[in-house]
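All heavy atoms count here, side chains included; hydrogens, waters and symmetry mates do not. Because the structure is predicted, anything quoted here is derived from the model rather than measured. Sequence lines set the chain letters: A, B, ... in the order given, protein chains first and strands last, and positions in each chain run from 1.
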There are 2 protein chains.
Amino acid sequence: MLDTFKQELEKVKECWVKSYGQLCSIARALDVVGDRWTLLIVRELLIQGPSRFGEVQRGLPGIATNLLTQRLRDLEANGVVTRESSPGATGVPTYRLTDRGTALDGVLRELLKWGAPTVPDAPRDAIFQMHWLSQPARFLLQDHRPTEPAVVIRFGTLDDGFDLTAARGVVAVQPCKLDASPSASVTGPGPVLVALLQGAMPLALAVANGVRVEGDASALDRILPPTR
Amino acid sequence: MLDTFKQELEKVKECWVKSYGQLCSIARALDVVGDRWTLLIVRELLIQGPSRFGEVQRGLPGIATNLLTQRLRDLEANGVVTRESSPGATGVPTYRLTDRGTALDGVLRELLKWGAPTVPDAPRDAIFQMHWLSQPARFLLQDHRPTEPAVVIRFGTLDDGFDLTAARGVVAVQPCKLDASPSASVTGPGPVLVALLQGAMPLALAVANGVRVEGDASALDRILPPTR
DNA sequence: CTGGATCCGGGAAGATACTG
DNA sequence: CAGTATCTTCCCGGATCCAG
């Protein structure tokens, strides 16, 4: 009898998602994406595109595997991500944002714009991954020479990075493509790159501080903001 | 000796805010406003303006007092709110958003837009407070008759509500003003009002479902979206 | 009575070992 | 590689108590 009671309790707990219980759009949104790590998981899937478990995990240093599992299940249950067994009958799952998940883009953009000023104040030992920069690049940079032919600038490496395309006045980013042939390639320490993209440091100074540019360095001027 | 060690540990923990430790704007923002309740506290201060502890608490049913205290302290430490002893030497604190706090407006707007479609699916026992509707009103409604003289519509009561002003094509909201003389006054059950403002229910049907309009009901047509 | 501080139980987060 | 199982730690939530 105690067992049946415990089972009952388990089933209740299973269905009972922690909710603010408010009839309010903001609270409803936070019911779904307000938990710790959740929006960062969405960030990873938005940047990297459809990803496997381990790929998501690599972009979230410090997350516990069980927690990542749970969050992905919750997001799946809420229609934010789908979990597909990849083709080839290997049965390896791939996680992909649904349209509903992609719609969180605006939320991430506003968080990014709000958080950007505080990035330089981050602790010195904060971890840096190049692909995280793709969103600031997307939202904060512009193509200052819209009439010139398109250029592709690679930030980072195939391992961890992104390709930025400036064309017709628009800046776009995407995961590194093997078949892309970047006009320029940029690597360097995180804090310096952040300062560079935020216009807090001119390119020459950034290079003096460890940023390496290979290829057509002038392509960078096309998208970098004026130094403040 | 053990005591001194414990004291040391306490001091470290005091300064150590839980952080994702990532050099990323989004993660930095979530370091500050990613904790449970935090953004809802900001919502309350944004809607109600400078408020006392109890006023904030009333807008957050279920929050523990100690947690509200802690969150307000954290927000203060992060420059999002200020805590002032109210004039009159009573020493009663008033909490107010700083400019940095007000800048979270965009984040709340995007969360609201993302969460809005799920509000009708909220549990039946979800709590409703009228002033929460002021943000959807602000972000989702428009003034369809910009050339006519301004109107003020009161939603709810002085206790819990807001005044909506439609003028020159712009919709604005503010806490209920004692000296305001609304053209119309609206009250009713939460779910019906939500449907009404989202354009999911025409006004006549809303009235049939418990919405009460006093004064110039035609003023409502001016701002309500077309029924989908 | 408002604005908190303190204490405690339960549950979520975090770390790690283990398995198909 | 993609999780599951397990254990620990710590935060959240509720009640109670205290001060002005």
Side-chain angles (χ1 to χ4, degrees), chain A residues 6 9-10 12-22 30-31 33-41 44-45 48 50-76 81-86 88-96 127, chain B residues 6 9-10 12-22 27 30-31 34-41 44-45 50-76 81 83-86 88-96 127:
Chain A
K6 278 178 116 173
L9 189 65
E10 280 308 307
V12 170
K13 281 166 62 177
E14 216 169 287
C15 298
W16 185 78
V17 282
K18 172 168 302 193
S19 161
Y20 290 108
Q22 300 182 0
L30 291 174
D31 281 341
V33 297
D35 284 333
R36 192 163 165 77
W37 291 108
T38 302
L39 276 176
L40 293 185
I41 294 171
E44 286 305 309
L45 291 174
Q48 304 186 16
S51 306
R52 313 226 320 236
F53 186 91
E55 297 176 311
V56 178
Q57 192 182 18
R58 241 171 293 135
L60 303 168
I63 194 173
T65 57
N66 57 355
L67 192 54
L68 180 52
T69 301
Q70 185 184 322
R71 289 288 183 268
L72 286 169
R73 294 291 180 281
D74 292 346
L75 287 172
E76 190 185 358
V81 309
T82 57
R83 176 165 170 255
E84 310 150 15
S85 283
S86 61
T90 58
V92 182
T94 298
Y95 297 93
R96 181 192 307 263
I127 297 169
Chain B
K6 278 177 117 175
L9 190 65
E10 279 308 307
V12 170
K13 282 166 64 178
E14 215 169 289
C15 299
W16 184 78
V17 282
K18 172 165 302 193
S19 161
Y20 290 109
Q22 300 183 0
L30 291 174
D31 281 343
D35 284 333
R36 191 162 167 78
W37 292 107
T38 302
L39 276 176
L40 293 185
I41 294 171
E44 287 305 309
L45 291 174
S51 307
R52 314 228 315 238
F53 186 91
E55 297 176 312
V56 178
Q57 192 182 18
R58 242 171 293 136
L60 303 169
I63 194 173
T65 59
N66 57 356
L67 194 54
L68 179 52
T69 301
Q70 183 184 322
R71 290 288 184 269
L72 286 169
R73 294 290 180 281
D74 292 345
L75 287 172
E76 191 184 359
V81 309
R83 177 167 170 252
E84 310 150 15
S85 283
S86 61
T90 58
V92 182
T94 298
Y95 298 92
R96 181 192 307 264
I127 297 169

Subject >> Separation of atom CG in A/Leu68 from atom C1' in C/dA13, rounded to whole Å >> reply: 13 Å
Subject >> Nearest-Å distance for atom pair CG/P, residues B/Asp35 and D/dC11 >> reply: 10 Å
Subject >> All side-chain hydrogen bond (donor to acceptor under 3.5 Å, both in side chains) counterparts of A/Arg58, not counting sequence neighbours >> reply: none
Subject >> Residues which pass side-chain hydrogen bond (donor to acceptor under 3.5 Å, both in side chains) with A/Glu76, listed by chain and number, not counting sequence neighbours >> reply: none
Subject >> Between C/dA5 (C1') and B/Arg73 (CZ): distance, integer Å >> reply: 10 Å
Listed pairs under 3.5 Å, donor-acceptor, residues 59-71 of chain B side chains, sequence neighbours left out:
from    : atom 1 : to      : atom 2 : distance (Å)
B/Thr69 : OG1    : B/Thr65 : O      : 2.9
B/Arg71 : NE     : B/Arg36 : O      : 2.8
B/Arg71 : NE     : B/Thr38 : OG1    : 3.4
B/Arg71 : NH2    : B/Arg36 : O      : 3.4

Subject >> Distance in angstrom units between A/Arg71 CZ and D/dT4 P, rounded >> reply: 15 Å
**OP:** Whole angstrom is fine here: how far is it from CZ in A/Phe53 over to P in C/dG20?
**Re:** 18 Å
Original post:
By side-chain hydrogen bond (donor to acceptor under 3.5 Å, both in side chains), which residues pair with B/Glu44, not counting sequence neighbours?
Top reply: B/Gln48, B/His131, B/Trp132
Subject >> Rounded distance [0.5 Å steps], CG in B/Leu72 versus CH2 in B/Trp37 >> reply: 13.0 Å
**OP:** Can you tell me the distance, in whole Å, between the CD atom of A/Glu76 and the P atom of D/dG3?
**Re:** 10 Å
Original post:
Could you state the CG-P distance from B/Leu40 to D/dC12, rounded to the nearest angstrom?
Top reply: 14 Å
**OP:** Please identify each residue that fulfils side-chain hydrogen bond (donor to acceptor under 3.5 Å, both in side chains) with B/Asp35, with sequence neighbours left out.
**Re:** none
Original post:
To the nearest Å, how far apart are B/Arg36 CZ and C/dA13 P?
Top reply: 10 Å
**OP:** May I ask you to list the residues of residues 55-66 of chain B, by number, that have any heavy atom positioned under 4.0 Å from an atom of DNA chain C?
**Re:** B/Thr65, B/Asn66
Subject >> Nucleotide nearest A/Leu67 (side chain, heavy atoms from C-beta), chosen from C/dG14, C/dG3, D/dG3 >> reply: C/dG14
Original post:
Picking from C/dA5, C/dG3, D/dG3, which would you name as closest to the side chain of A/Tyr95?
Top reply: D/dG3
Original post:
How many angstroms lie between CG in B/Leu45 and OG1 in B/Thr94, if you round to the nearest 0.5 Å?
Top reply: 10.5 Å
Original post:
Is the distance from OP1 or OP2 of C/dC1 to the nearest side-chain N or O of B/Arg52 less than 4.0 Å?
Top reply: no
